[in-house]
Number of protein chains: 2
Amino acid sequence: MGRPPGFDRREVLAAVEREFRKSGYDGTTLDDISAATGLGRGSLYAAFGDKHALFLAALGDYCDQDEASDAAALEGPDETAMERLRAYLIDSVDRQLNDPEQLACMASRFTVELAGRDQEATARLRHGFDAQRAALAGCLRAAQRNGDLDPAAEPVTLATLLVVGFRGISSLIGIGLDRAELVAVIDAILAGLPRPPGPRVHQAATQEPYSQV
Amino acid sequence: MGRPPGFDRREVLAAVEREFRKSGYDGTTLDDISAATGLGRGSLYAAFGDKHALFLAALGDYCDQDEASDAAALEGPDETAMERLRAYLIDSVDRQLNDPEQLACMASRFTVELAGRDQEATARLRHGFDAQRAALAGCLRAAQRNGDLDPAAEPVTLATLLVVGFRGISSLIGIGLDRAELVAVIDAILAGLPRPPGPRVHQAATQEPYSQV
DNA sequence: AACGATCTGGACTGTTCAGTAAAGAACCCT
DNA sequence: AGGGTTCTTTACTGAACAGTCCAGATCGTT
């Protein structure tokens, strides 16, 4: 038994992830990572391998956490499914807006940057997309059971629509859309989800959002 | 009067744009650009300035064309406004899917990559966003005049929603969503736009899309 | 307390990068 | 047809890059 590592793997990967997220894959140098983590290049290579392996480790760690937190945020009783959906979207906007540098999430950024170029990263991102969509579809099914959503609607298509909205919003925050506009878009998306047919008259333009902030 | 340039500026900028779009700003080298355009580094520097200026020129040229083609595609009689809207979204998907490398559009890519880092590029991208949104809002107002859309709805918010969808779809093509899924999402977005209140009963989940492919 | 295995960090290497400069080729005008 | 101006290409430069290596520090074990 020799000397144990003097760093926490999760903490290091979080710092690495942030660097990559800030400057992109090509724009991040090992010196940047070394400065951000406080580890020398030798330590980084010994612990994680080369730059690409280090990136994949950070991406994997990020996706794991993201998938778990998405599932947790969208899990719950059928009665509040629509509220969870709205809170999930608003929260993701707020998290990015409150970020000191308003960086887009790892998934939004690297889906665009690495598609068709880094197969391993793309595969991991695809898995993350499937997980996010599945969590959203589960929440939509709960809403259907509660009578908030048309039971004839296809949950996976609507979940894909929500991920599309999520990614689109995440990328557009970068050019300076403000919170009020984004919240209005989120409410317009949710207002457009198909309501169940029945006695309640649908008046999309004037209806109340599912919950207020 | 000396020797005139032996290249067409638009053609060169189109090749430059494609290189940047493929590999990103940091990932594109002047050698790549030199090979793609057939021009030496010296000619490029003399004609456009340094790498950043060259990028801005290519971005500006791309945005100019994009803004013009968006405006043209969405202009037309009120009666077919909804059809133009759908055709516009479907066309943009098809253009990207038929691209030999399925590259995301310039705007989608660099909005994410350069936000908070390149102010000049971000300003140009913001201008492009505003133009795209304005063109969509104009088309939505036409749909309102034709009675296809709730006159109480706010066209700019809905136009923002459509840009969000546009950008989200563009980025998600990269991880392998197929055309059928994307068309279903587009139809779900359009089906969710608020219909005018009135005798016609709204049954979102089962209604027909505005036109079939 | 001393040993040995492991971690650590800075120096080193070959490569590639953006940008420059100068020599040579091509073209318009007179 | 020739002169002058502009374009084009090649070779060059200093900096920055990813990745390697090794001497020294650190800690669990015996």
Side-chain angles (χ1 to χ4, degrees), chain A residues 1-61 109-110 113-114 117-121, chain B residues 1-61 109-110 113-114 117-121:
Chain A
M1 300 287 161
R3 172 182 174 186
F7 59 87
D8 178 62
R9 184 181 169 90
R10 301 289 290 266
E11 278 178 25
V12 168
L13 285 181
V16 171
E17 173 242 310
R18 186 157 187 87
E19 281 302 306
F20 276 120
R21 196 146 62 94
K22 185 166 68 186
S23 310
Y25 185 80
D26 292 316
T28 300
T29 72
L30 286 178
D31 281 336
D32 294 337
I33 295 173
S34 181
T37 59
L39 269 64
R41 271 197 282 281
S43 306
L44 289 169
Y45 272 85
F48 301 101
D50 67 6
K51 183 183 181 182
H52 188 242
L54 180 55
F55 172 76
L56 288 178
L59 177 65
D61 202 65
R109 160 139 217 168
F110 288 106
E113 190 166 332
L114 299 180
R117 174 180 153 190
D118 182 337
Q119 276 205 305
E120 292 175 284
Chain B
M1 300 288 159
R3 173 181 174 188
F7 58 87
D8 177 61
R9 184 183 169 89
R10 301 288 292 265
E11 277 178 26
V12 168
L13 285 181
V16 171
E17 173 242 308
R18 186 157 187 89
E19 280 303 304
F20 276 121
R21 196 146 65 93
K22 184 165 68 186
S23 310
Y25 186 81
D26 292 318
T28 301
T29 71
L30 285 179
D31 280 336
D32 295 335
I33 295 173
S34 181
T37 60
L39 269 64
R41 271 197 283 283
S43 307
L44 290 168
Y45 273 84
F48 302 100
D50 66 7
K51 183 182 182 184
H52 187 242
L54 179 55
F55 172 76
L56 288 178
L59 177 65
D61 202 63
R109 159 139 219 170
F110 288 106
E113 188 165 332
L114 299 180
R117 176 181 152 191
D118 183 335
Q119 275 204 306
E120 291 176 285

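Small disclaimer: the values here were computed from a predicted structure and weren't measured. Hydrogens, waters and symmetry mates are skipped; everything else that's a heavy atom, side chains included, is used. Chain A is the first sequence line, chain B the second, and so forth, proteins listed ahead of strands; every chain is numbered from 1.
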| Quick one: does NZ or CZ of A:Lys51 land under 6.0 Å from the six-membered ring centre of A:Tyr25, within 45 degrees of the ring axis? | yes

| Result of checking B:Asp50, B:Leu114, B:Thr28, B:Val16 against B:Phe55 for side chain to side chain contact (heavy atoms under 4.5 Å, CB included) | B:Leu114

| B:Asp31 and B:Ser34: CA distance, side-chain angles, deciding distance, side-chain hydrogen bond (donor to acceptor under 3.5 Å, both in side chains) verdict | CA-CA 5 Å; B:Asp31 280 336; B:Ser34 181; 5.5 Å; no

| query | In a check of side chain to side chain contact (heavy atoms under 4.5 Å, CB included) between A:Asp61 and each of A:Arg10, A:Glu17, A:Arg9, which one passes? | reply | A:Arg10

| Nucleotide-resolved protein contact map, nucleotides 16-22 of chain C, B/S/- at heavy-atom distance under 4.0 Å | -SSBB--

| task | Return the value, rounded to whole Å, for the distance between atom CZ of A:Phe48 and atom C1' of C:dC7. | result | 13 Å

| said: Quick check for you: to the nearest 0.5 Å, what is the distance between B:Glu19 atom CD and B:Thr37 atom OG1? | reply: 9.0 Å

| task | Begin with the C-alpha distance, continue with both residues' side-chain angles, and end with the deciding distance and a verdict on side chain to side chain contact (heavy atoms under 4.5 Å, CB included) for B:Phe20 and B:Leu59. | result | CA-CA 9 Å; B:Phe20 276 121; B:Leu59 177 65; over 6 Å; no

| C:dG9 C1' sits how many Å from A:Leu39 CG, rounded? | 10 Å

| task | Please work out which residues in residues 12-19 of chain B have a non-hydrogen atom less than 4.0 Å from an atom of DNA chain C and list them by number. | result | none

| note | Between the CD1 atom in B:Ile33 and the CG atom in B:Leu44, the distance rounded to the nearest 0.5 Å is 7.0 Å

| Base, sugar-phosphate alone, or nothing: which one does A:Gly49 contact when heavy atoms must sit under 4.0 Å apart? | nothing

| query | Could you give the distance from CD (B:Glu113) to CD (A:Glu113), rounded to the nearest 0.5 Å? | reply | 4.5 Å

